[in-house]
Every structure is written in C-alpha cells, then in structure tokens.
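Data block below; observations after.
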Amino acid sequence: MGERDKHPSRTAETDRTSSTSRRTFLKGIAGAGAAISLGSKVAWANGEIGFWAKDLTAEQLIHMYTTIQRIRWYERTMVDKMLTEPNYRGYNHFYAGQEAVATGVSAALKNTGGIMEADLVYSTHRPSGHAIAKGVDVRKMAAEYDFRATGLNKGYGGEMHIADKSVGFMGADGMIGPGPVIATGSAFAIRARGSKQVVVNYGGDGTYATPHFHSTLNNATLLKLPFIYVLENNLYHQYAHYSYSTPMKDIATAAKTYGISGVVVDGQDVFQVYNAAKEAVERARAGEGPTLIEAKTYRYYNHWGAPGAKPGELGAFGYDPLAITSFRPEREVRAWMARDPVDISRNALISWKVLDRAKADAIEAAAKKEMIEAFAWADKQPMAKPEDGLKNVFVEGTVPPRQFG
Ligand SMILES: Cc1ncc(C[n+]2csc(CCOP(=O)(O)OP(=O)(O)O)c2C)c(N)n1
C-alpha cells in the first residue's frame with residue numbers, strides 16, 4: 001500500500017457510524033462530524049475510493065494545505081478584530097470550518113486567464129473562502145470588507161459583494177436563491193462561445209427550497225451546460241436546521257430528478273472534495289453536462305459576525321443573542337471541530353511524507369502573518385467617500401443606437 005492509499009482522516013473518531021432515525025435526522029447527523037452520508041457515488045468509509053488525489057504533485061498538495069491555512073487565518077484575524085476593535089466597521093459571514101470545500105473545488109479549476117479563460121466561480125453571502133481559494137488578493141479583500149477606497153470594489157460593496165474578474169471570481173451574492181440562475185446563464189454564454197470554461201456555483205443547504213435551485217438544475221441539464229452546483233451543507237440556514245426545509249437527508253439525491261450526477265462528499269476532507277470536483281470538471285469540459293456536489297460541512301462561528309466567540313479562540317459557543325434560543329448544542333460544534341479540515345489535511349500530508357511537522361508549522365505561521373499584515377494594510381487605506389457613491393453606477397456619455405442586421 002502506497003502512502004496515499006492511507007485515508008487522511010481515518011481515526012477512531014471518524015470510523016464511528018451514525019444512527020439514522022428521524023431524531024438523528026435533526027440531531028444525529030448534525031451531532032457528529034463523523035456522520036457523513038454514504039448515499040452517493042463517493043464514499044470513504046468503505047474504501048470505495050482507493051486513491052487520494054494521486055494526480056497532484058507535492059507542490060500542489062502543499063498549495064492546498066497553504067490555502068486552507070490562509071482562509072482559516074483570514075477568518076481568525078477578522079474575528080479578533082471584530083471582537084477587540086470597537087470602531088472596526090467590517091463584518092463577515094465566517095467560513096471557518098468549511099475551508100476544505102472551497103480549497104478542494106478550486107484545486108480542480110483553472111484560476112488564471114481572466115473572465116474569458118479562467119473557470120468561473122459564483123459565490124454566496126459567505127464568500128471569503130471561495131474568493132481566497134480562487135486567488136483573490138487578500139489585502140484588497142480586507143480593504144473591501146472595511147469599505148476602503150482601495151478595496152476590491154472601491155469600498156462600495158463590502159463582504160457580500162466582493163468580486164474579482166481577473167481570477168474568475170464573479171462575485172459574492174447576498175440574495176439566497178437567484179445566484180445560481182445568473183451562474184447558469186453564464187454557463188450558457190460559455191457554451192455559446194464554444195469556450196472550454198466551467199462554471200461553479202456555490203450554494204448552501206438553504207438554497208434547496210428555493211425555486212432557483214430547481215430551475216437551475218433543470219435548465220443546466222436540458223442544455224447540458226458546463227455547470228457544477230457545489231452545495232455546502234453546513235446543516236443550518238441562519239438558525240434553522242435544514243430538515244425544516246428539505247425532505248431528504250442527502251440533498252445530492254435531488255440530482256436523480258434531473259438525471260444528472262449527484263455526489264455526496266465529506267466536506268472536511270479536501271482530497272475527497274478535490275476528487276469529486278475534478279470528475280465534475282472533466283464531465284463538464286467534455287460536454288457531458290452538470291453535476292451536483294453536496295459537501296457535508298460545518299461552520300464554527302454563528303451565522304454572521306461573532307456572537308459567542310472569544311478573542312484568540314477558534315469557534316463560537318454558547319448563547320447567540322441574535323437567535324431567540326441557542327440554535328445548536330455546544331457538543332455538536334465541538335464534535336465537528338474534532339474533524340477540523342486544517343488538521344485532516346495537515347495530518348495527511350505529514351503521513352504521506354509530503355511535509356514534516358516543522359514545515360507544516362511554518363506554513364501556518366506564514367499564513368497568520370500574511371493575514372495580520374493584510375488587515376493592517378487595509379486599516380491604513382482611505383475610506384470610500386460618501387459623495388462618490390453614485391460614481392461607477394451610471395454610464396456617463398451617450399449610448400450608441402442599437403445596431404440591427
Ligand atoms: C432572498 C433572501 N431571503 C432571505 C435572506 C436572509 N438570509 C441570509 S443567509 C440566509 C440563510 C442561508 O442559509 P444557507 O443557504 O444554508 O447558507 P449558510 O448561511 O448556511 O452558509 C438567509 C435566509 C436572504 N439573504 N435572501
């Protein structure tokens with residue numbers, strides 16, 4: 001058995017299986033990071049996947065681990081700022097806990113060449129990880145999050161509107177639902193142009209119950225578009241468990257309705273996410289149509305901001321003043337944090353001898369330093385001016401008459 005045949009995250013903790021009664025639908029699958037559904041094509045517990053990202057070089061694997069650490073430290077740096085600097089204006093829907101999803105997906109994409117060549121990513125109201133994994137400049141991101149004039153969107157957008165076309169990051173989207181429709185239109189444009197690009201749309205478990213989810217998959221299937229729907233099932237939309245809006249345990253089974261490929265992956269395991277994304281990308285580029293990937297994952301902080309969090313400590317625990325009651329048990333948060341995507345990728349690379357402990361520590365230290373410096377740089381940037389608010393909104397000058405024929 002080669003080094004990479006060893007499963008990166010198999011431990012006593014992860015080998016536990018879950019019970020699946022109605023009660024566990026609400027609590028059980030939420031209650032343990034181990035409880036990953038094995039309903040679809042991709043499964044880890046029974047060894048269906050015999051290899052782990054074997055096509056990747058050591059350099060690419062290290063890049064993935066570095067990306068996970070960079071996302072984590074972007075989040076941790078920002079959470080500390082929000083908690084300790086009363087005048088800080090930025091806010092965030094934190095992605096910590098979900099880093100392996102964006103990292104695994106982007107590792108399977110082309111991330112350079114601008115809007116006409118790169119694969120395109122359409123993000124959500126929780127965009128930081130998607131953006132960093134796609135290659136967005138973190139200093140300009142930090143500036144945008146604090147409404148600075150040198151931010152990605154000149155300080156007009158803030159977190160939920162960041163975009164960077166140069167790397168194919170088409171934008172965050174604060175609306176739950178319509179995003180995938182725009183992304184499908186973009187996939188149609190790619191097909192019409194005859195380009196080999198692929199479109200990834202991210203959505204949460206909260207998007208299943210929207211009409212847009214279904215019209216998107218219906219049209220993407222009918223037109224065989226190069227479209228991948230990555231549904232990050234972190235169990236909750238805001239403060240409601242997904243069982244309140246979704247009649248099945250695995251949302252990926254919805255793919256059957258449309259006759260396309262539906263895949264459930266362990267979203268804490270970057271290599272499993274990568275393998276599924278790579279297959280979906282190959283299918284899309286070959287003209288074989290869309291894929292729905294459901295990544296089972298978890299967010300460590302509350303829906304937005306940092307209620308329940310403490311400076312310097314990972315995760316939010318206890319009562320959330322914004323929710324009427326505490327919406328998730330602390331033991332559930334801790335169970336998921338025991339299967340941390342940072343640890344899983346780090347342990348895998350060490351056991352595969354791609355990294356040693358000292359190098360893994362150095363990567364983490366560099367990521368932390370980079371993010372502290374990025375936010376410090378953002379702090380010194382000029383604020384967006386209110387009087388410039390209408391700039392870049394309306395086209396100036398005259399619009400030429402429409403040409404026919
Ligand atoms: C059309 C619309 N309705 C309601 C909201 C308020 N809202 C913001 S986030 C959210 C829940 C999203 O849940 P999910 O898609 O599971 O993503 P998660 O926050 O868990 O990452 C809701 C309802 C919104 N932004 N847009």
Side-chain angles (χ1 to χ4, degrees), residues 25-26 29-30 33 37 71-72 74-75 78-79 91-105 121-133 157-162 171-183 200-217 228-252 254 264-265 267-268 273 292-309 315-316 320 322-324 326-328 332-333 336-337 341:
F25 187 88
L26 271 170
I29 57 167
S37 164
I71 301 171
R72 172 63 53 89
Y74 186 90
E75 302 287 275
M78 188 161 179
V79 108
Y91 65 89
N92 195 8
H93 293 81
F94 287 101
Y95 194 72
Q98 302 186 202
E99 296 91 340
V101 183
T103 302
V105 170
V121 158
Y122 287 79
S123 179
T124 65
H125 59 291
R126 198 177 294 289
S128 56
H130 307 153
I132 293 172
E159 179 222 13
M160 280 190 283
H161 302 281
I162 55 166
D173 188 343
M175 298 295 285
I176 306 302
V181 179
I182 299 167
V200 168
N201 173 77
Y202 286 100
D205 42 283
T207 58
Y208 171 78
T210 67
H212 313 92
F213 175 93
H214 300 280
S215 75
T216 290
L217 287 187
I228 302 166
Y229 199 122
V230 178
L231 189 142
E232 294 182 83
N233 187 348
N234 61 16
L235 307 187
Y236 296 91
H237 24 83
Q238 290 195 327
Y239 309 104
H241 193 271
Y242 78 101
S243 57
Y244 287 104
S245 61
T246 308
M248 68 280 228
K249 193 173 65 142
D250 294 332
I251 302 176
V264 176
V265 290
Q268 307 311 92
V273 176
L292 172 60
I293 297 174
E294 178 185 3
K296 307 281 193 190
T297 185
Y298 202 77
R299 59 177 147 81
Y300 292 169
Y301 293 98
N302 283 341
H303 169 60
W304 80 276
D320 179 348
L322 291 178
I324 292 159
S326 186
F327 68 102
R328 58 185 190 179
E332 177 184 297
V333 188
W336 278 88
M337 287 176 73

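Order of appearance sets the numbers: ligands from 1, and atoms from 1 within every ligand.
Listed by atom number, the atoms of ligand 1 under 4.0 Å from Gly174 heavy atoms are 24 (C), 25 (N), 26 (N). Within the listing of ligand 1, atoms 1 (C), 26 (N) sit less than 4.0 angstrom from a heavy atom of Met175. Heavy-atom proximity to His303, at under 4.0 Å, picks out these atoms of ligand 1: 9 (S), 19 (O). Atom numbering of ligand 1 starts at 1 in the shown order; those under 4.0 Å from a heavy atom of Gly206 are 14 (P), 15 (O), 16 (O). The ligand atoms of ligand 1 that sit less than 4.0 angstrom from a heavy atom of Asn234 are 18 (P), 20 (O), 21 (O). Shown in contact with Arg126 at under 4.0 Å from a heavy atom are these atoms of ligand 1, numbered in order with element: 18 (P), 19 (O), 21 (O).
Taken from CZ in Arg328 to OH in Tyr239, the straight-line distance is 10.0 Å, to the nearest 0.5 Å.
Of the protein's non-hydrogen atoms, Gln238 CG, 3.5 Å is the one closest to atom 10 (C) of ligand 1. Closest protein heavy atom to atom 13 (O) of ligand 1: His237 CB, 2.9 Å. At the shortest separation from atom 20 (O) of ligand 1 among protein heavy atoms lies Tyr236 O, 2.7 Å.
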With ring-ring contact (aromatic ring centres under 6.0 Å, His included) as the criterion, how do His237 and Tyr244 come out once you've worked through the C-alpha distance, each side chain's angles and the decisive distance to 0.1 Å?
CA-CA 10 Å; His237 24 83; Tyr244 287 104; 8.4 Å; no
Can you list the steps and then say if Tyr95 with Tyr74 is a ring-ring contact (aromatic ring centres under 6.0 Å, His included)?
CA-CA 10 Å; Tyr95 194 72; Tyr74 186 90; over 10 Å; no
For the pair Tyr208 and Tyr242, evaluate ring-ring contact (aromatic ring centres under 6.0 Å, His included) and give the outcome as yes or no after the intermediate values.
CA-CA 9 Å; Tyr208 171 78; Tyr242 78 101; 9.3 Å; no
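Counting only distance, with no hydrogens or angles, the side chain of Gln98 and the backbone of Asn233 share no donor-acceptor pair below 3.5 Å. Side chain of Asp205 to backbone of Asn234: a donor-acceptor contact under 3.5 angstrom is found. Judged purely by atom type and a 3.5 angstrom limit, Tyr301 has no side-chain atom pairing as donor or acceptor with the backbone of Val79.
Among Asp205, Thr210, Ile176, the residue whose heavy atom lies closest to atom 4 (C) of ligand 1 is Ile176. With distances taken over non-hydrogen atoms, the option nearest atom 18 (P) of ligand 1 out of His212, His125, Gln98 is His125.
Residue Gly177 places every heavy atom at 4.0 Å or more from ligand 1.
For Tyr242, no heavy-atom contact with ligand 1 is shorter than 4.0 Å. When non-hydrogen atoms are compared, ligand 1 lies under 4.0 Å from neither the backbone nor the side chain of His93.
By the salt bridge (charged side-chain N to carboxylate O under 4.0 Å, His left out) test, Glu75 pairs with no residue at all, sequence neighbours left out.
The side chain to side chain contact (heavy atoms under 4.5 Å, CB included) with Arg126 is formed by just one residue from the set His303, Met160, Glu159, Glu232; it is His303.
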